Amino acid sequence: MRKEVKKIYQAYGIDVNAALRKLKETKISLHCWQLDDVQGFESSGKLTGGIQTTGNFPGKARNFKELTQDLDEALKFIPGSKKINLHAIYQTGKIVERSEVGPEQFKEWVAYAKERALGLDYNPTIFSHPMLVDGLSLSSPDEKVRNYWIKHCINGLKITEMFAKELGQKSLMNIWIPDGLKDTPADRLGPRERLKESLDKILDGYKYDKRIMDVSVESKVFGIGVESYTVGSNEFYLNYAASRKICCLLDTGHFHPTENVADKISSMFAFYNKLAFHVSRPVRWDSDHVLKLNDDLQDVADELVKCDALKRSYIGLDYFDASINRIAALVIGARNMEKAILRALLTPWQLLKNAQDSYDHTRVLALQEEIKTLPWGEVWDEYLKQQDMVNDAQMFEAIKKYEKDVLLKR
Ligand code: RNT
Ligand code: ZN
């Protein structure tokens with residue numbers, strides 16, 4: 001980085017070193033499921049629950065060994081503080097029934113994370129399974145079905161608590177269910193009452209240590225095959241989380257395409273002191289494309305910085321593209337998340353706020369546009385250098401080599 005760069009930012013009241021420090025401390029939870037198209041190790045076959053991966057890029061990881069080998073490759077290129085986001089289907093050892101998946105099945109992951117000083121987050125897997133009867137789980141009219149998934153989630157609380165204890169950092173358990181209906185419902189309230197009751201049973205089912213872990217609920221607007229009604233809607237979970245004092249999770253792909261998800265963040269922080277995210281990129285629908293450094297992503301990062309929420313948020317990524325090199329997909333998306341946060345940290349928010357509060361909207365617009373051409377790219381390269389990481393171009397070459405040497409031989 002040229003010496004002048006620091007001075008350029010100083011003129012706006014920005015300390016580049018402080019920005020780099022903050023960025024490095026910001027934890028990003030990397031979703032392991034980008035590496036194997038949300039397949040997991042249970043050999044359950046088809047992905048169901050209104051989500052889908054498309055593409056058939058060669059060399060997909062088929063087991064714990066291959067997945068962690070690919071993850072290690074990806075980690076070489078992702079700077080900053082990292083966690084790995086796991087799903088129940090990534091249980092290891094002797095595979096057990098989904099409802100029985102507990103801490104025992106995640107010991108290998110804990111050892112893996114410990115060795116690399118990573119954190120872990122957890123998700124019960126409530127899809128791709130025969131106990132989703134007619135696509136319904138926690139909201140099912142059948143008590144047996146509900147109890148099956150309640151048990152799965154209660155065990156999940158124990159797994160998440162174990163992650164936090166073993167790794168000495170906070171962990172998140174996020175609940176997402178695909179429950180919904182293809183066509184106009186006859187009853188909308190019934191399933192929601194049942195979901196509410198099931199969630200209460202989960203939270204009452206195990207007294208987890210609230211100081212070291214959080215539980216979040218993830219809403220959605222619709223999925224493939226459940227176009228008309230989603231039980232776990234945004235309003236449902238907003239109210240549920242607020243009344244139960246748990247966390248909401250905003251997946252940036254789970255809203256109407258013209259809705260601005262970034263705009264929701266400050267409204268949430270006006271009432272909650274923490275928030276969880278699945279940062280994704282919807283293209284026309286909840287398509288889970290790899291994160292690009294586009295305006296939507298920048299807007300989310302800007303709000304996180306402006307709300308002073310980097311430390312109060314669980315920032316997880318959630319996309320799955322099977323049509324390109326999966327490791328590159330994970331790395332490019334994660335680097336883009338970090339680039340967006342870096343740019344947000346290099347923005348003179350105080351100057352902008354002052355201008356807005358003094359009704360100087362011309363100044364706001366001018367300044368917003370002016371800072372776009374500041375040399376943040378040099379700061380990014382400096383960030384990589386400080387962590388002994390190669391730049392974007394070299395990263396691509398290295399992953400291509402791994403593709404040739406490892407992936408194409410599988
Ligand atoms: C699905 C949700 C959910 C999943 C992952 C695999 O629409 O976004 O979070 O993508 O849990
Ligand atoms: Zn999600």
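Every number for a ligand or one of its atoms is a count from 1 in the order of the listing. Nothing here was measured: the structure is a model prediction, and the numbers come from that model. In what follows, residues are counted from 1 in the order of the sequence shown.
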K.L.:
So if I count the atoms of ligand 1 from 1 in the order they appear, which ones are less than 4.0 Å from some heavy atom of Phe320?
P.N.:
10 (O)

K.L.:
Identify whether the distance between the nearest side-chain nitrogen and carboxylate oxygen of Lys165 and Glu161 falls below 4.0 Å.
P.N.:
yes

K.L.:
I'd like to know whether ligand 1 has His254 as a neighbour, heavy-atom separation below 4.0 Å.
P.N.:
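In this structure, His254 qualifies as a contact of ligand 1 - some heavy atom is under 4.0 Å.
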
K.L.:
Considering only NZ, NE, NH1 and NH2 on the basic side and carboxylate oxygens on the acidic side, decide whether Asp70 and Arg326 come within less than 4.0 Å.
P.N.:
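Looking at Asp70 and Arg326, the cut-off is not met.
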
K.L.:
Check for me: within less than 2.8 Å of the Zn ion (ligand 2), which protein N/O/S atoms show up?
P.N.:
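Checking every protein N, O and S atom gives Glu218 OE2, Asp251 OD2, His278 ND1, Asp318 OD2.
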
K.L.:
Is it true that Asp15 and Lys6 have a side-chain N and a carboxylate O under 4.0 angstrom from each other?
P.N.:
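No salt bridge links Asp15 with Lys6.
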
K.L.:
With nothing but distance in play, are any N or O atoms of Glu218 less than 3.5 Å from an N or O of ligand 1?
P.N.:
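N/O-N/O distance below 3.5 Å exists for this pair.
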
K.L.:
Can a salt bridge be assigned to the pair Asp37 and Lys60 using a cut-off of 4.0 Å between side-chain N and carboxylate O?
P.N.:
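Lys60 and Asp37: salt-bridged.
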
K.L.:
Are the side chain of Ser140 and the backbone of Leu136 linked by a donor-acceptor contact shorter than 3.5 Å?
P.N.:
no

K.L.:
Taking the basic N atoms (NZ, or NE/NH1/NH2) and the acidic carboxylate oxygens, is any pair closer than 4.0 Å for Glu303 and Lys264?
P.N.:
no

K.L.:
In ligand 1, which numbered atoms sit nearer than 4.0 Å to a non-hydrogen atom of Lys220?
P.N.:
1 (C), 7 (O)

K.L.:
Out of all atoms in ligand 1, which are within 4.0 Å of some heavy atom of Ile51? Include the element for each.
P.N.:
1 (C), 7 (O)

K.L.:
Under a 4.0 Å threshold between the charged nitrogen and the carboxylate oxygen, would Asp214 count as salt-bridged to Lys274?
P.N.:
yes

K.L.:
Tell me the protein heavy atom at minimum distance from atom 5 (C) of ligand 1, and give that distance in Å.
P.N.:
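Looking at atom 5 (C) of ligand 1, the protein heavy atom closest to it is His87 NE2, 3.6 Å.
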
K.L.:
Between His278 and ligand 1, is there a nitrogen or oxygen pair with a distance under 3.5 Å?
P.N.:
yes

K.L.:
Who's the nearest protein heavy-atom neighbour of atom 4 (C) of ligand 1, and how far?
P.N.:
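The closest heavy atom on the protein side is Asp318 OD2, 3.6 Å.
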
K.L.:
Determine, step by step, whether Glu197 and Lys201 satisfy the salt bridge (Lys or Arg N to Asp or Glu O under 4.0 Å) criterion, reporting the C-alpha distance in whole Å, the side-chain angles of both residues, the deciding distance to 0.1 Å, and the verdict.
P.N.:
CA-CA 6 Å; Glu197 198 189 294; Lys201 283 191 179 156; 3.5 Å; yes

K.L.:
Is it true that Asp286 lies under 4.0 Å from ligand 1, counting heavy atoms only?
P.N.:
yes

K.L.:
Is Trp176 close to ligand 1, meaning an N/O of one under 3.5 Å from an N/O of the other?
P.N.:
no

K.L.:
With a 4.0 Å cut-off on N to O distance, would you call Lys339 and Asp392 a salt bridge?
P.N.:
yes

K.L.:
For ligand 1 and Asp288, I'd like to know whether there is a polar contact (N/O to N/O, distance under 3.5 Å).
P.N.:
no

K.L.:
Can you tell whether the side chains of Lys144 and Asp142 come within less than 4.0 Å, N to carboxylate O?
P.N.:
no

K.L.:
Does a salt bridge link Arg244 with Asp200, judged by any charged N lying under 4.0 Å from a carboxylate O?
P.N.:
yes

